[in-house]
Amino acid sequence: MISTQELAARFRATAVEMSHRAGAAHLASSLSVIDIVAVLYHSVLRLDPANPKWPERDRFILSKGHAASAQYAALAWKGFISEADLLTYGKAGSLLEEHPTPKLPGVETATGSLGHGLSCGAGMALAGRIHGKDYRTFVAMSDGECNEGSVWEAALFAAANQLQGLCAFVDFNKWQATGRSREVLGLDPLAEKFRTFGWKVHEIDGHDHAALLHAVQDVRAGVGAPTMVVCHTVKGKGVSFMEDDNNWHYRIPTEEEVAKAKAELGVA
């Protein structure tokens with residue numbers, strides 16, 4: 001079976017191609033979260049592509065919905081959609097919009113209005129407990145959306161209700177649209193903030209697949225602290241000329257840049 005590292009490279013190449021084909025922005029934001037997405041879809045999430053609404057499925061919310069191409073690549077690999085569907089990304093009438101919509105199989109809720117994903121995830125985790133389900137709920141957030149007060153309300157709610165089946169990741173790539181995340185608002189110390197709010201916290205290299213797997217091993221339905229994984233990542237990860245360059249928050253790769261990126265990623 002393909003390794004998570006190989007899968008992440010494939011997802012990155014797909015995201016680069018999708019950005020070029022659709023003329024869609026936010027490519028670098030997708031590249032930074034792809035290791036998290038690849039590990040979850042490969043090794044963690046319990047899903048059934050033939051039954052997308054299976055009641056026992058794990059829930060995954062891409063709260064940073066502008067990184068939709070990362071999730072779409074995963075949904076195609078998993079079998080929820082086809083590779084041909086990826087070619088429609090960003091086109092009029094396509095279900096593959098620039099932000100995810102639950103009209104697409106495998107997408108739990110509409111995201112991209114930043115700051116709401118953790119609240120939705122907390123609600124899903126609590127609903128699972130009320131209905132006696134053992135599914136887990138995973139949320140991938142951006143560091144920039146931690147500027148939103150709703151994130152901290154959700155953090156308080158999850159801890160107060162001891163939502164052990166809830167696990168969130170902050171894709172801490174240190175950038176948001178207008179500048180360095182730490183300069184826009186005082187995020188530091190981010191891990192300690194969630195720890196003080198009552199969460200079990202892991203602070204890791206968000207591109208280390210073994211560390212990602214280790215961080216989620218205790219996430220299960222039940223009563224206890226929710227889990228927060230603060231992932232130190234690089235915006236544009238995997239493509240040297242995009243890494244840590246915030247111009248790629250909006251830039252669209254040319255055909256030549258697509259070929260160069262795929263060569264670096266080792267994907268034909």
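Residues take their numbers from the sequence shown, with the count starting at 1.
- In this structure Glu243 satisfies the side-chain hydrogen bond (donor to acceptor under 3.5 Å, both in side chains) test with no other residue, sequence neighbours excluded.
- Without hydrogens or angle criteria, Lys174 side chain to Phe172 main chain gives a donor-acceptor distance under 3.5 Å.
- Between Leu265 and Ala13, the closest heavy-atom pair is CD1-N, 3.6 Å.
- A donor-acceptor contact under 3.5 angstrom links the side chains of His249 and Lys235, judged on distance only.
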Practice item. Run the numbers on Thr227 and Asp218 for side-chain contact (heavy atoms from CB on, under 4.5 Å), then give the verdict. Key: CA-CA 9 Å; Thr227 297; Asp218 293 330; 6.0 Å; no
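- Aromatic ring orientation, His99 versus His66: tilted (interplanar angle from 30° to 60°).
- The structure places CZ of Arg10 at 12.0 Å from NZ of Lys262, a figure rounded to the nearest 0.5 Å.
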Exercise for review: Check step by step if side-chain contact (heavy atoms from CB on, under 4.5 Å) holds for Phe197 and Met228.
Suggested key: CA-CA 11 Å; Phe197 273 48; Met228 173 58 66; over 6 Å; no
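- When the side-chain contact (heavy atoms from CB on, under 4.5 Å) test is applied to Ala22, the partners found at least two apart in sequence or on another chain are Ala24, Tyr89.
- Using a 4.5 Å heavy-atom cutoff, the side chains of Asn147 and Gln176 are in contact.
- At a cut-off of 3.5 Å, with distance as the only test, no side-chain donor of Ser119 or Ser150 sits close to an acceptor on the other residue.
- In the hydrophobic cluster analysis, where Ile, Leu, Val, Met, Phe, Trp and Tyr join through side-chain heavy atoms closer than 4.5 angstrom, Met242 is grouped apart from Ile252.
- Side-chain atoms of Trp77 and Thr14, non-hydrogen and from C-beta on, never get closer than 4.5 Å to each other.
- Side-chain atoms of Asp244 never come within 3.5 Å of backbone atoms of Val234 as a donor-acceptor pair (strictly under, hydrogens ignored).
- Ring-centre distance between Phe157 and Trp152: not below the 6.0 Å cut-off.
- Looking at Ser63, its side chain never comes within 3.5 Å of a backbone N or O of Val139 through a donor-acceptor pair.
- Under 4.0 Å is where a charged nitrogen must lie from a carboxylate oxygen, and between Glu108 and Arg57 at least one such pair does.
- At least one side-chain heavy atom of Lys64 sits under 4.5 Å from a side-chain heavy atom of Leu62.
- The backbone N or O of Ala38 lies less than 3.5 Å from no partner atom in the side chain of His209, so there is not a single donor-acceptor pair.
- The closest donor-acceptor contact from the side chain of Thr233 to the backbone of Asn173 lies under 3.5 Å.
- The side chain to side chain donor-acceptor pair (under 3.5 Å) with Asp171 is formed by just one residue from the set Ser32, Ser29, Ser30; it is Ser32.
- For the 3.5 Å distance criterion, the side chains of Asp85 and Thr88 fail to qualify, holding no donor opposite an acceptor.
- Between the side chain of Lys193 and the main chain of Leu187, a donor-acceptor pair closer than 3.5 Å is present.
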Practice item. Test side-chain contact (heavy atoms from CB on, under 4.5 Å) on Thr111 and His116 and set out the steps. Key: CA-CA 7 Å; Thr111 58; His116 299 305; over 6 Å; no
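- The backbone N or O of Val216 lies less than 3.5 Å from no partner atom in the side chain of Arg136, so there is not a single donor-acceptor pair.
- With Leu212 as reference, Ile36 is the one residue of Asp205, Leu40, Ile36, Val44 to meet the side chain to side chain contact (heavy atoms under 4.5 Å, CB included) rule.
- In this view, Glu257 and Arg251, Thr254 satisfy the side-chain hydrogen bond (donor to acceptor under 3.5 Å, both in side chains) rule, not counting sequence neighbours.
- Taken to the nearest 0.5 Å, the CZ atom of Phe138 stands 9.0 Å off from the CG atom of Leu166.
- No side-chain donor-acceptor contact under 3.5 Å links Tyr72 to the backbone of Glu98.
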Check your understanding: Run the side-chain contact (heavy atoms from CB on, under 4.5 Å) check on Tyr250 and His26 step by step: do they pass?
Key -> CA-CA 6 Å; Tyr250 293 117; His26 302 128; 4.1 Å; yes
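- Cluster membership for Leu213 and Phe60, using ILVMFWY side-chain heavy atoms within less than 4.5 angstrom, is shared.
- Inter-residue side-chain proximity for Arg12 and Val239 is flagged as unmet; no heavy-atom pair is nearer than 4.5 Å.
- For the pair Phe169/Met141, no side-chain contact is recorded, criterion being any heavy-atom separation below 4.5 Å from C-beta on.
- Val219 and Cys167 get closest at one heavy-atom pair: CG2-CB, 3.7 Å.
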Point to revise | Candidate pair Glu17 and His20, rule side chain to side chain donor-acceptor pair (under 3.5 Å), full reasoning | key: CA-CA 5 Å; Glu17 289 182 319; His20 168 70; over 6 Å; no
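- In this structure, the side chain of Asp134 does not engage the main chain of Ala221 through any donor-acceptor pair within 3.5 Å.
- With hydrogens and angles ignored, the 3.5 Å screen pairs no side-chain donor or acceptor of Ser19 with any backbone N or O of Ala15.
- Between Lys237 and Asp35 there is no salt bridge, since no side-chain nitrogen of the basic residue lies less than 4.0 Å from a carboxylate oxygen of the acidic one.
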